[in-house]
Amino acid sequence: HSSLLTLFSLLLTCVPSVASDQSGPLLFASHCSASVPFIRHFGRSDYGGGNSTWRIATYDRWTFFANERGLLVYDGVSWETYPMNNHGEVRGVAVFPEKRRIYVGGENEYGYFEADERSGVLRYYCLSDSVGEQYRRVGNVWEIYELTNVLCLRCDDHILTMAGHRQSLIKSQDKIFASVLVDGVIYVATDRGVRMVAGARLVPIMNGEQLEGHRINAMFKYGQCMIV
């Protein structure tokens with residue numbers, strides 16, 4: 001999992017130098033420089049987090065990492081760490097630019113970070129501390145999606161949905177190993193094939209008979225399709 005940071009360093013191959021615009025924040029330049037190494041490695045002494053990094057989300061010049069020490073934020077120049085209330089591992093992270101929020105999830109805790117209008121410092125707002133225990137004791141939150149003003153959190157063996165002050169659980173009979181959002185539909189990978197969210201249930205996908213009974217470890221959106 002710490003290899004995700006190494007993978008991130010590979011993404012900097014063609015953006016190794018830094019430039020500043022008039023708005024103040026520093027940006028990666030879009031050109032390559034022969035004098036700069038192709039791979040830039042960040043060690044723990046650089047980013048100040050833990051060994052395990054579970055998820056990565058990006059927006060504009062910012063990159064966000066779900067790390068065992070909290071939410072790691074990299075702006076192209078410096079690193080900052082922001083913990084959740086329980087100071088536990090952050091397992092899932094998602095950026096919703098239209099809401100100007102970074103949603104995070106860990107073990108039995110989830111919420112979002114929002115930049116203070118004056119200082120620009122990220123402030124954490126916990127959502128799990130204001131719901132009933134059955135919606136708070138959800139295990140690990142790995143993925144976070146938004147569907148028509150409904151927040152969906154994919155956990156170990158169910159999906160938690162939140163619409164305003166209303167919550168509900170979509171339970172899976174099997175352990176969920178991965179999930180992906182494709183054209184407004186959430187698909188989940190289990191140890192017995194692929195399921196999709198239909199209303200308040202998880203149902204087998206169409207033409208997915210060949211996957212039935214097989215453990216699916218990962219899924220990715222590719223164009224208008226899905227790679228399993």
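We number each residue from 1, following the sequence as shown.
Tracing side-chain contacts under 4.5 Å through hydrophobic residues (I, L, V, M, F, W, Y), one reaches Tyr103 starting from Val138; they form part of the same cluster. Phe96 and Leu153 fall within the same hydrophobic cluster, defined by Ile, Leu, Val, Met, Phe, Trp and Tyr side-chain heavy atoms under 4.5 Å apart, directly or through other members. With hydrophobic clusters built from ILVMFWY side chains whose heavy atoms lie under 4.5 angstrom apart, Ile159 does not share a cluster with Val141. Linking ILVMFWY side-chain heavy atoms closer than 4.5 Å, directly or via other members, places Leu160 and Tyr125 in a single hydrophobic cluster. Taken together through direct or relayed side-chain contacts under 4.5 Å among Ile, Leu, Val, Met, Phe, Trp and Tyr, Tyr82 and Phe64 form part of one hydrophobic cluster.
Using a distance-only test at 3.5 Å, with no hydrogens or angles considered, no donor-acceptor pair links the side chain of Asp60 to the main chain of Trp62. Proximity of a side-chain donor or acceptor of Asn140 to a complementary backbone N or O of Gly106 within less than 3.5 Å is not detected. Remark: the backbone N or O of Met84 is not paired with any side-chain donor or acceptor of Glu109 at under 3.5 angstrom. Looking only at distances, a side-chain donor or acceptor of Asn67 sits under 3.5 Å from a matching main-chain atom of Ser52.
A pairwise comparison of heavy atoms in Gly92 and Val90 identifies O-CG1, 3.4 Å as the closest pair. The nearest pair of heavy atoms linking Ser172 to Leu202 is CB-CD1, 3.5 Å. The nearest pair of heavy atoms linking Leu181 to Gly184 is CD1-C, 3.7 Å. Contact between Ala94 and Ala57 at its shortest, heavy atoms only, is CA-CB, 4.4 Å. The shortest non-hydrogen separation linking Ile144 to Gly105 is CD1-N, 4.0 Å. Heavy atoms only, all atoms of each residue included: Asn108 and Ser128 are closest at O-OG, 4.0 Å.
Few gaps surround NZ on Lys221; more than 12 heavy atoms of other groups in view lie less than 6.0 Å from it. Taking a 6.0 Å sphere around CZ of Arg201, one finds it holds 12 or fewer heavy atoms contributed by other residues, nucleotides or ligands.
Residue pairs meeting the salt bridge (Lys or Arg N to Asp or Glu O under 4.0 Å) criterion with at least one partner in residues 134-144, sequence neighbours excluded, are Arg55-Glu143. The list of salt bridge (Lys or Arg N to Asp or Glu O under 4.0 Å) pairs with a residue in residues 77-100, not counting sequence neighbours, reads Glu89-Arg91, Lys99-Glu146. The ring pair (Phe, Tyr, Trp, His ring centres under 6.0 Å) contacts involving residues 134-158 comprise Trp54-Trp142, where partners must be two or more places apart or lie in separate chains. For residues 154-164, no pair satisfies salt bridge (Lys or Arg N to Asp or Glu O under 4.0 Å), with sequence neighbours left out. Residue pairs satisfying the salt bridge (Lys or Arg N to Asp or Glu O under 4.0 Å) criterion with at least one member in residues 206-216, sequence neighbours excluded, are listed as follows: Arg195-Glu212. Among pairs with a residue in residues 180-193, those fulfilling side chain to side chain donor-acceptor pair (under 3.5 Å) read Asp174-Arg192, at least two apart in sequence or across chains.
In this structure Ser168 satisfies the side-chain hydrogen bond (donor to acceptor under 3.5 Å, both in side chains) test together with Thr161, sequence neighbours excluded. Applying the side-chain contact (heavy atoms from CB on, under 4.5 Å) test to Ala178 and every residue at least two apart in sequence or in another chain returns Ala189. Scanning for side-chain hydrogen bond (donor to acceptor under 3.5 Å, both in side chains) contacts around Tyr112 gives Arg101, with sequence neighbours left out. For the side-chain hydrogen bond (donor to acceptor under 3.5 Å, both in side chains) test, no residue two or more places apart in sequence or in another chain qualifies with Asn207. Among residues two or more places apart in sequence or in another chain, the side-chain hydrogen bond (donor to acceptor under 3.5 Å, both in side chains) test is passed with Thr148 by none.
With ring centers used as reference points, Phe42 lies under 6.0 Å from Tyr74.
The distance from atom CD1 of Ile170 to atom SG of Cys155, rounded to the nearest 0.5 Å, is 11.0 Å. With rounding to the nearest 0.5 Å, the separation of CG in Leu211 from CD1 in Ile216 is 5.0 Å. We find the CG-OG1 distance between Leu72 and Thr53 to be 6.0 Å, quoted to the nearest 0.5 Å.
Under the 4.5 angstrom side-chain criterion for Ile, Leu, Val, Met, Phe, Trp and Tyr, Phe177 has no cluster partners at all.
Met162 is listed as a side-chain neighbour of Gln167, based on a closest heavy-atom distance under 4.5 Å. Within the 4.5 Å cutoff, the side chain of Thr81 has no heavy atoms near those of the Leu71 side chain. Inter-residue side-chain proximity for Met196 and Val203 is flagged as met; some heavy-atom pair is nearer than 4.5 Å. Contact check for Cys152 versus Ile186: side-chain heavy atoms found under the 4.5 Å cut-off. In this structure, the side chains of Trp79 and Phe65 come closer than 4.5 Å at one or more pairs of heavy atoms.
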Quiz item: Leu151 and Tyr110: side-chain contact (heavy atoms from CB on, under 4.5 Å), yes or no, with the steps?
Solution: CA-CA 11 Å; Leu151 190 67; Tyr110 46 88; 5.8 Å; no
